[in-house]
S.K.: 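This is the structure I have questions about; it appears just below.
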Amino acid sequence: MRPLSLKGHERALTRVRFNREGDLTFSCAKDKKPCVWYTENGERIGSYDGHNGAVWDIDVSWDTTKCVTASGDLTVKIWDAELGNCLYTINHQTPMKSCGFSYSGNLVCFTTQKMTKNLSTFQVRDLRDSSQMVEGGESFFYSQFDVNATTALFTQMDDLVTIGFESGLLQQYDLRNPDTPIHTNESVHRYSVQDLQLSPRGDFLISASRDKTAALLDVNDLKKLKQYKSERPVNSACISPNRDHICLGGGEDAMQVTQTSVSAGHFEAKIYHMVFEEEFARFKGHFGPINTMAWHPSGTIIATGGEDGYIRIQEFDEDYLGFTYDF
Amino acid sequence: MTDTKVTISVVDSSSSSKEGNYDEVVESFDDMELKEELLRGIYGFGFEKPSAIQKSAVAPCTTGKDVTIQSQAGSGKTVISLIDILQGIDCEDAHLQVILLAPQRGMAQRAHEQLKSLGRNLNVNATCLGFDTTAENDKISHVLMGTPKDFLSNIPSDTSRIKMFVLDEADEMLSKGFKDQIYEVFRSMPQDVQVVLLSATMPSEVLDVTNRFMRDPIRILVKKDELTLEGIRQFYINVQKDEWKFNCLCDLLKTSRETQALIFCNTRRRVTQLTEQLMSIPIKVSCFHGNMEHNEREDMVKDFNSRNTRVLVTTDLMARGMNIRKSLIINYDVSGNMENYMLRNGRQGNFGSKGLPISFFTENDISDLKKIENHYSTRIEEMPESFLEYLDEN
């Protein structure tokens, strides 16, 4: 199938995700309306209406009954994924930056941005506890930081979470012992961590950073296993579900590009061999930076979301399926 | 207001006005001492960090002094004025306080929508002239936005409390001959009004305005070495005669197969003429003309950006403010304006992609080739046969 180019967002994409089966694609952007699409033909099913600002992140539960969105309008919202109505709204004093479901789908984690006197926070709420889901409810896990927490996700069942920071720091917390991080990595990245994604089998993490690299990390202790170098800041990276391949995408910040002396746009998504850390393929399509990407559970499709407001769904051809890395 | 005529030496004002006089930078929105409700609006809209020009220009604008701001298209200039409008406004004072002029209704409308988004948490009323304003007539607007023509057709009854006057895309407004209308708008305002002028280029008409309307402005201008063509391969073709340009263009489009082409002409008449010639081939063409509404132009850009049409023929003015995908850039007519060469062929801020510029020179304007090379310390080579390999197809 030829690449699909999905146009439904009026502003830059911030997140694309597949549900567990891969038949649906969820997206959000700096406009106010997260969307859901059929992956097969790119048809838009609908949108989730209710946010009043840029939507920075969206996640969908394992059974595709609920989705969660984090927005610059100071709220996180949990939605009925099928019907599109808002089930819960979580309020905060500063914009919400990232959000995600736990393995069971019962817990929601989110990060909030630092603004004036308010510190950045990472929080977790239990959807089953109604006292946490009402207005004024409090999170059962709450951690504050003086540097922005940019992204976070559950990395082991409902117990462990990993947080990426604007400074490049990575920290892992055990929700059962909330006082201090159980693992830290402050050497792998020098600049902001833009994205963290789990490998489908759950044994690796891939982190994307504005230091122009993405790193493969051991999910158990955050130790660096591999690092993939690019020529441009990396906004997002993902791991193939069935081959030893990773993919990354990024580009210069849109507003800074007139002041750099770089010689090319480099808006391609690039595929590297996971073990040998070498780029062996790339595909084009966006005419601006790639802000987010996800690898489809089939292993043969990658979705990318760009600064240009488009989602591209790229299916690989027979050459990729038959490709073996020569070493 | 006393209409005082002041004669200033053109050489002196030209040389001093061409350089900035302010170089402080504020690195984050948090540190700009903005109202908290405004900060929440900024972050809510999806801005996280200020762009380079915003770091330089937001703070001086809030001082109440006159400010001239130059920055490339797509680098966030308009947002600077919107932030400063919202910072300076007194929402409880039910008077008109700010006038913002833009060269096109579409630009004024976009600024209006952004102002409403950024000011969501403030109790601000803004009106965009030329659109349906009946719903808002019962409330006094704090901010009035529109083109000079729309403004002069709807002069507000009370301008005594206006404290800020914004000229957005001033170079385009002035090149369209709005100078006298702008002056007429200006005269209706109090003498001590703050003037904020935003422009991508600084031609002499803009400098005239800064001298006449502004008192000792803070000037935040792009340093010459930041206007970069670095890394962009530029080619020229010596077509020798103007009447041979079209055949040369056809050969070029044939050779480049399905590559999209953005074609610049110097006048609207040339755009119309070239479009008719291309459609007789036929080639799927989008083109702008002067009678076209802003929305129609945006639709054409969408068609072009989505690859529904292969060729977009335009002038510098019509392309202003549009986020147009750049692959092949053909300067069918060579612009005599040095800044326009940069705007046509340089990187566009919103998306950062770069195209491959090819300029058609004739015997009459081949000398401009050397001028451009010297001005930007860049190199424009004769187009090789294999020019397609330099195309960064994205």
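These numbers come from the heavy atoms of this one structure, side chains and all, not from hydrogens, waters or symmetry mates. Throughout, protein chains are lettered first and strands after them, A, B, ... in sequence-line order, and every chain is numbered starting at 1.
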S.K.: How many angstroms lie between CZ in F45(B) and CG in D73(A), if you round to the nearest 0.5 Å?
M.R.: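 Nearest 0.5 Å value for the CZ-CG distance: 13.5 Å.
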S.K.: Take atom CG in N123(B); do more than 12 heavy atoms of anything else shown fall under 6.0 Å from it?
M.R.: no
S.K.: Side chain, backbone, both or neither: which part of N52(A) has a heavy atom under 4.5 Å from chain B?
M.R.: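 Both backbone and side chain of N52(A) come within 4.5 Å of chain B.
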S.K.: Is it the case that more than 12 heavy atoms not belonging to F280(A) sit under 6.0 Å from its CZ atom?
M.R.: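 Buried by this count: over 12 neighbours within 6.0 Å.
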S.K.: Measure distances from Q93(A) to the heavy atoms of chain B and classify the residue's part below 4.5 Å as side chain, backbone, both or neither.
M.R.: backbone
S.K.: Using only non-hydrogen atoms and a strict under-4.5 angstrom cutoff, which residues of residues 33-42 of chain B touch chain A?
M.R.: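 Expected list: E36(B), L39(B), R40(B).
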S.K.: Any idea which heavy atoms bring A54(A) and G46(B) closest together, and the distance?
M.R.: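 Of all heavy-atom pairs spanning A54(A) and G46(B), the closest is CB-CA, 3.6 Å.
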S.K.: When you look at CZ of F316(A), are more than 12 heavy atoms from neighbouring residues, nucleotides or ligands closer to it than 6.0 Å?
M.R.: yes
S.K.: Just how far is it from atom NZ of K114(A) to atom OH of Y43(B), taken to the nearest 0.5 Å?
M.R.: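 Separation between the atoms: 9.5 Å.
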